[in-house]
Amino acid sequence: MFESGPRIFALFGNPVGHSLSPLMHHTAYGEMKIKAVYVPFCVGNLEDAVRGIRGLGISGVSVTIPFKSEVRKHLDELEESSDRIGAVNTIVNEGGRLRGYNTDWIGFVRDLKEFMPIQGKTFGVLGAGGAARAILFGILSEGGKPVVLNRTAAKGEVLAKEFGCFFLPLSEIGVLKADCIVNTTSVGMAPQIENSPLEERALGKFPWVVDIIYNPLETKLLKDARKAGCRTRAGLGMFVHQGAEQIRLWTSREPPVESMKRVVRKKLEEYEKN
Ligand code: ATR
């Protein structure tokens, strides 16, 4: 523990080498004039790592793949949304008591609201994994109507039942009437940028298509959707807003969202040129 040094924040994941979170967080703390460091840790033993939060006096931790679900059992308390979603992406160290939060759904909702209403709209949510759970929670909490679309029916049905919404097999997307499609699968994420979870001809009838993937900035799904005449939204905004919410939880201050977005976008554009 530093006695009068900077506040320490951390990222727990495996791998973490390519994460843009350190860049985004440092940009925010610099602009907010907060003395803080944000350290990425490639975690081997999660239980030991969580013990280190208390032992070292780390103020807050971002949690990423593959630990968002597993980390819950090592914490003292779970905030309601993280409990319902079954995933923690943020830990707050409150004087040695570790509380788990989920800011992914908040990031999604904040970004979506910048460009479309949620209340009363129907959303086809593609995928039935951990990411889908956060998206379903977000849509439902804002009065939207989600329909789970999944390749494997059994998995999709269980998820839809748990969240009290409809299920449709992905192969039957042709019959779906929805205002927006949200991709929560990792299909199309770098380096597999040529892949898309949907064929271009399935897309044209949906007014909006959203991808929660932020690398690449425009996935094949979004490129196809744009060509098919849909309005599109990439995952960059959700990524930045989930990080901004972490900073609010850790500092009780308003982070510079636009600067955070600018610096992450610039880095992703550099990746695309190389
Ligand atoms: P996460 O927890 O990160 O969301 P996951 O649990 O591996 O990831 O979930 C991945 C989701 O993407 C699953 O719903 C999966 O569908 P299946 O249940 O049928 O496996 C979906 N998915 C993966 N590859 C896909 C593809 N090529 N087309 C459509 N859906 C796909």
Side-chain angles (χ1 to χ4, degrees), residues 11-16 18-21 43 46 62-73 81-90 100 102-109 111-112 123-140 146-163 165-176 178 180-203 206 209-216 219-225 234-236 238-239 242:
L11 168 67
F12 287 179
N14 189 347
V16 290
H18 285 92
S19 172
L20 295 176
S21 291
V43 170
L46 182 62
S62 310
V63 182
T64 188
I65 291 167
F67 299 122
K68 288 185 183 186
S69 172
E70 187 191 341
V71 77
R72 291 174 301 159
K73 66 172 184 272
S81 69
S82 65
D83 198 19
R84 178 91 194 282
I85 293 166
V88 163
N89 78 323
T90 310
N102 187 300
T103 70
D104 287 330
W105 73 273
I106 300 174
F108 173 73
V109 163
D111 186 59
L112 200 63
F123 292 81
V125 176
L126 184 53
R133 299 178 66 89
I135 301 308
L136 289 174
F137 183 89
I139 292 170
L140 286 166
V147 177
V148 174
L149 291 166
N150 201 46
R151 189 178 55 177
T152 308
K155 200 168 156 191
E157 275 164 0
V158 169
L159 182 65
K161 195 162 173 221
E162 185 184 334
F163 280 83
C165 52
F166 289 109
F167 168 76
L168 193 67
L170 186 54
S171 55
E172 290 174 33
I173 192 170
V175 304
L176 179 70
C180 180
I181 293 292
V182 185
N183 175 40
T184 76
T185 78
S186 55
V187 182
M189 191 186 287
Q192 265 92 43
I193 61 170
E194 295 310 319
N195 297 345
S196 170
L198 288 175
E199 287 179 38
E200 189 175 338
R201 62 189 165 86
L203 296 169
F206 300 111
V209 176
V210 176
D211 206 326
I212 70 166
I213 293 170
Y214 60 89
N215 184 13
T219 57
K220 169 128 185 359
L221 171 70
L222 293 190
K223 275 192 187 121
D224 289 348
L236 173 68
M238 173 179 168
F239 174 67
Q242 64 76 32

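In listed order, ligands and their atoms are each counted from 1.
- Listed by chain and number, the residues in a side chain to side chain contact (heavy atoms under 4.5 Å, CB included) with Ser186 are Met189 (sequence neighbours excluded).
- Counting only heavy atoms from C-beta outward, the side chains of Leu176 and Phe206 approach each other to under 4.5 Å.
- Annotation: the span from Leu11 atom CG to Asn89 atom CG amounts to 10.5 Å, rounded to 0.5 Å.
- Pairing each heavy atom of Trp105 with each of Ala134, the nearest pair is CB-O, 3.2 Å.
- Distance check, rounded to the nearest 0.5 Å: CG of Asn102 to CZ of Phe137 gives 8.0 Å.
- Residues with a heavy atom under 4.0 Å from ligand 1: Gly127, Ala128, Gly129, Gly130, Ala131, Asn150, Arg151, Thr152, Lys155, Leu170, Thr185, Val187.
- No close placement of the Phe67 and Phe12 rings is indicated, their centers lying 6.0 Å or farther apart.
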